[in-house]
Peer 1: 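Take this structure first; my questions come after.
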Amino acid sequence: MHAAASDGRAVLAMNTLLIVDQQAVPGPYLDRATGIRLAFNGEIYNYRQQARAWGIVLAPRETDAHLVLRAWARLGPSCLDGLDGMFALAVYDPRAGKLFLARDRLGEKPLYWRLDGGRLAFASEVTTLIGYGPAPLVLRPEVPAIETPTGVDTPFQGIQLLAPATLLSFDVATGSLDQRTYWVLSDRQAFTGTYGEALAKFSVVLAEQVPLRAPACDFALLLSGGLDSAVLAYLLRPPICVTVRYPGQARLDESKSAARVAADIGAELVVVEPDPADFTTALPHMMSALDYPMGNASSFSEYMAYRKIAGLGLKVAVGGLGPDEFLMGYVRHSLALFGPDAVLAAGMDAYRPLAAKLLHPAGEDLDPAEAVTRLVLRGPDPERRIHDLIAAAMRSAGSDLARGLTLADLATAWRPLVMTSNKLASAHALERRSPFLARELVELSYRLPAEYKIEHPAEGKRILRDAAKALGLPREVWGSRDKLGFASPVPAWLNGPLAGWANARINAALAEAPSAMRPLLEGGLEPGERFDRTRMQALMTAVWFGDQTVRTAA
């Protein structure tokens, strides 16, 4: 639906999924007293508490969007500080003659915009904005390096992604534009209590905040068999859990742990078993949903899980994003904090190829930013853009290396991770919720000393593991050292049964690709190693580029 502002200077449009209340009035929303219009995508989980705190009365059929509308009319943009949730919103205020765009703190909901002359257009999908004027393809130099654009860039010239925790204001009369950040994680002061005090505080916040993100309707939990999703299972008690496994791939199979957790909480476990044919069918749909190449082979598992959930007639999928980034859950964190020798000595020999990236002359200390850059790079970084981005992020954390690693993750790997989850779920008309991203939980996790997050090179997320013990999770979950998540055998397929299909798609794109894109595609024609994602990235780019060519021709 769409609606014009009272002064005719703005038009807002939105689709409403109706998760909170099936009978709620759909948007865009209007505050009749002020003429303010609101288009809103997402969920505000604390909206009832904030309505009471602000003295705002909500009628029975009114939802979080009405709270935002009334709060904006009364408080203006300052109301953003009180909102805890995932959202992308647009507010037109005829009193000021300004359009405001805002995005949630961690970028769970996407919001793209472009400015052409005196007109500003915005949307949740890049493809919507392509029709508003020329948007030539641009291969950003960081894409070969880490497989994704960074900051606010997109592969379309003139179209930007609004940064997380950012408010954009646009004066419709003068065409002037301003942006400001309304939340800065690195400003949070370090936690100074004992580990016992931290664990008690963390456990309380976990038990209070996670259930706030449980939908009122039936929903499904993405249950990988790992720690994060298992904690959500015990706190949320979902009626249905969905896991993904691949027959004949015992190394990637965590379904036994998932079955144990599902049985413990009395949930139905639905097992999805994709095969290579599913991948060839799914990839074009995945790339169309993602707008441009992002993610990795695990995205296929996630896509297939969402497809199953939608087929069950559900509207909400819950997953465990967050603890790895904020509580040192990745092997690269251990390598940066403890060094490669300690990690390998701790029994993590499978990660020797990653550890080898930190080899340097004996007696010389490797600069932390350089070490982290080596660990995240997937390709060349000749202009040192990624190094400088990581160095700046780590400087803002001061002397705490663990906090610096979190900020480096948020500046590089986080964007495709969180956006893939949202967009692949949305492609199946699902809302994706990530309870660990509650503001209070994120801020507390960031503030904790490094040793509260990781004490042993092979066991990150220490405080979450201890909280899981108290919740009664089985030892096989909280004691597991190896992180798999929804890993998939797609890289092996691309060098095996799907090799000919992959080569044909890449070669077809090479025939028409611009010169800047050719090295990335050509790299995908070489067989990859276990830890090499070049072939998958080239294939995604080829399928995406082919779709863009069709769109342009049409």
Side-chain angles (χ1 to χ4, degrees), residues 1-21 23-105 109 111-115 118-124 162-183 439:
M1 295 181 64
H2 68 275
S6 57
D7 60 8
R9 289 182 164 181
V11 176
L12 276 62
M14 62 178 286
N15 293 321
T16 308
L17 194 54
L18 296 177
I19 296 295
V20 175
D21 184 344
Q23 282 75 47
V25 178
Y29 305 94
L30 171 67
D31 181 65
R32 297 190 181 280
T34 61
I36 290 177
R37 286 277 184 186
L38 167 71
F40 180 82
N41 178 25
E43 298 286 350
I44 305 299
Y45 302 113
N46 67 335
Y47 80 98
R48 295 189 186 279
Q49 298 94 313
Q50 283 304 118
R52 290 192 292 270
W54 287 330
I56 294 175
V57 178
L58 297 176
R61 294 270 76 90
E62 294 184 325
T63 65
D64 50 353
H66 295 91
L67 179 277
V68 174
L69 182 67
R70 306 247 172 78
W72 202 287
R74 181 186 299 182
L75 305 172
S78 64
C79 72
L80 292 171
D81 187 59
L83 305 180
D84 187 11
M86 55 176 185
F87 57 86
L89 60 83
V91 174
Y92 180 69
D93 189 343
R95 299 174 301 182
K98 288 186 177 182
L99 174 74
F100 298 92
L101 304 180
R103 196 160 171 235
D104 63 68
R105 292 174 179 82
K109 290 295 182 181
L111 184 54
Y112 298 98
W113 64 278
R114 67 180 300 170
L115 186 62
R119 182 180 63 176
L120 185 142
F122 59 92
S124 296
L162 188 67
T166 297
L167 172 72
L168 179 152
S169 60
F170 175 70
D171 190 307
V172 297
T174 65
S176 62
L177 184 148
D178 180 66
Q179 295 188 62
R180 69 173 180 85
T181 302
Y182 66 84
W183 178 79
R439 176 184 180 177

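When reading the values below, keep in mind they use all heavy atoms of this one structure, side chains included, and skip hydrogens, waters and symmetry mates. From a predicted model like this one, the values you see are computed outputs, not experimental measurements.
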Peer 1: Report the distance from atom OG1 of Thr181 to atom CZ of Arg105, rounding to the nearest 0.5 Å.
Peer 2: 12.5 Å

Peer 1: Going by ring-ring contact (aromatic ring centres under 6.0 Å, His included), name the residues that satisfy it together with Tyr45, two or more places apart in sequence or in a different chain.
Peer 2: none

Peer 1: Hey, are the side chains of Leu168 and Arg180 touching, using non-hydrogen atoms and a 4.5 Å cut-off?
Peer 2: no

Peer 1: Can you tell me how far apart CG (Leu75) and CH2 (Trp54) are? Round to the nearest 0.5 Å.
Peer 2: 6.0 Å

Peer 1: Under a 3.5 Å distance rule, please check whether Asp31 uses its side chain to pair with a backbone N or O of Thr34 as donor and acceptor.
Peer 2: yes

Peer 1: Decide side-chain contact (heavy atoms from CB on, under 4.5 Å) for Leu120 and Leu177; before the verdict, give the C-alpha distance in whole Å, the side-chain angles of both, and the deciding distance to 0.1 Å.
Peer 2: CA-CA 10 Å; Leu120 185 142; Leu177 184 148; 3.7 Å; yes

Peer 1: Mind checking what makes ring-ring contact (aromatic ring centres under 6.0 Å, His included) contact with Trp72, not counting sequence neighbours?
Peer 2: Phe100

Peer 1: What residues form a side-chain contact (heavy atoms from CB on, under 4.5 Å) with Leu58, not counting sequence neighbours?
Peer 2: Tyr47, Ala51, Ile56, Glu62, His66, Leu67, Arg70

Peer 1: Would you name the heavy atoms of Phe170 and Gly118 that are closest together and state the gap between them?
Peer 2: CZ-O, 3.5 Å

Peer 1: Within the distance-only criterion (no hydrogens, no angle test), does the side chain of Thr166 pair as donor or acceptor with the backbone N or O of Pro164 below 3.5 angstrom?
Peer 2: yes

Peer 1: State, to 0.1 Å, how close Ala71 and Cys79 come at their nearest heavy-atom pair, and which atoms those are.
Peer 2: CB-CB, 3.9 Å

Peer 1: Taking side chain as C-beta onward, heavy atoms only, is Leu69 less than 4.5 Å from Ile36?
Peer 2: yes

Peer 1: Do Val91 and Arg37 pass the side-chain contact (heavy atoms from CB on, under 4.5 Å) test, and can you show the C-alpha distance, the side-chain angles, and the key distance before you say yes or no?
Peer 2: CA-CA 6 Å; Val91 174; Arg37 286 277 184 186; over 6 Å; no

Peer 1: Search all heavy atoms of Ala90 against all heavy atoms of Leu101 and return the closest pair with its distance.
Peer 2: CB-CD2, 3.6 Å

Peer 1: Can you tell me how far the CZ atom of Phe87 sits from the CD1 atom of Ile44, to the nearest 0.5 Å?
Peer 2: 5.0 Å

Peer 1: Could you point out which residue of Asp81, Asp104, Asp84 forms a salt bridge (Lys or Arg N to Asp or Glu O under 4.0 Å) with Arg439?
Peer 2: Asp81

Peer 1: Decide yes or no on side-chain contact (heavy atoms from CB on, under 4.5 Å) for Lys109 and Arg103, but give the supporting numbers first.
Peer 2: CA-CA 7 Å; Lys109 290 295 182 181; Arg103 196 160 171 235; 5.6 Å; no

Peer 1: Tell me whether Asn46 contacts the main-chain N or O of Gly82 through its side chain, where contact means a donor paired with an acceptor under 3.5 Å.
Peer 2: yes

Peer 1: Could you name each residue pair satisfying salt bridge (Lys or Arg N to Asp or Glu O under 4.0 Å) that touches residues 49-60, not counting sequence neighbours?
Peer 2: none

Peer 1: Might you point out which heavy atoms bring Tyr92 and Gly97 nearest each other, and give the distance in Å?
Peer 2: OH-CA, 3.9 Å

Peer 1: Should Arg114 and Phe122 count as side-chain neighbours, where that means a heavy-atom distance under 4.5 Å?
Peer 2: no

Peer 1: Does Ala96 have any side-chain contact (heavy atoms from CB on, under 4.5 Å) partners at least two apart in sequence or in another chain, and if so, which?
Peer 2: Lys98

Peer 1: Got a sec, which residues hit side-chain contact (heavy atoms from CB on, under 4.5 Å) with Ala102, two or more places apart in sequence or on another chain?
Peer 2: Leu80, Leu89, Leu167

Peer 1: Nearest 0.5 angstrom please: Leu99 CG to Ser169 OG, how far?
Peer 2: 9.0 Å

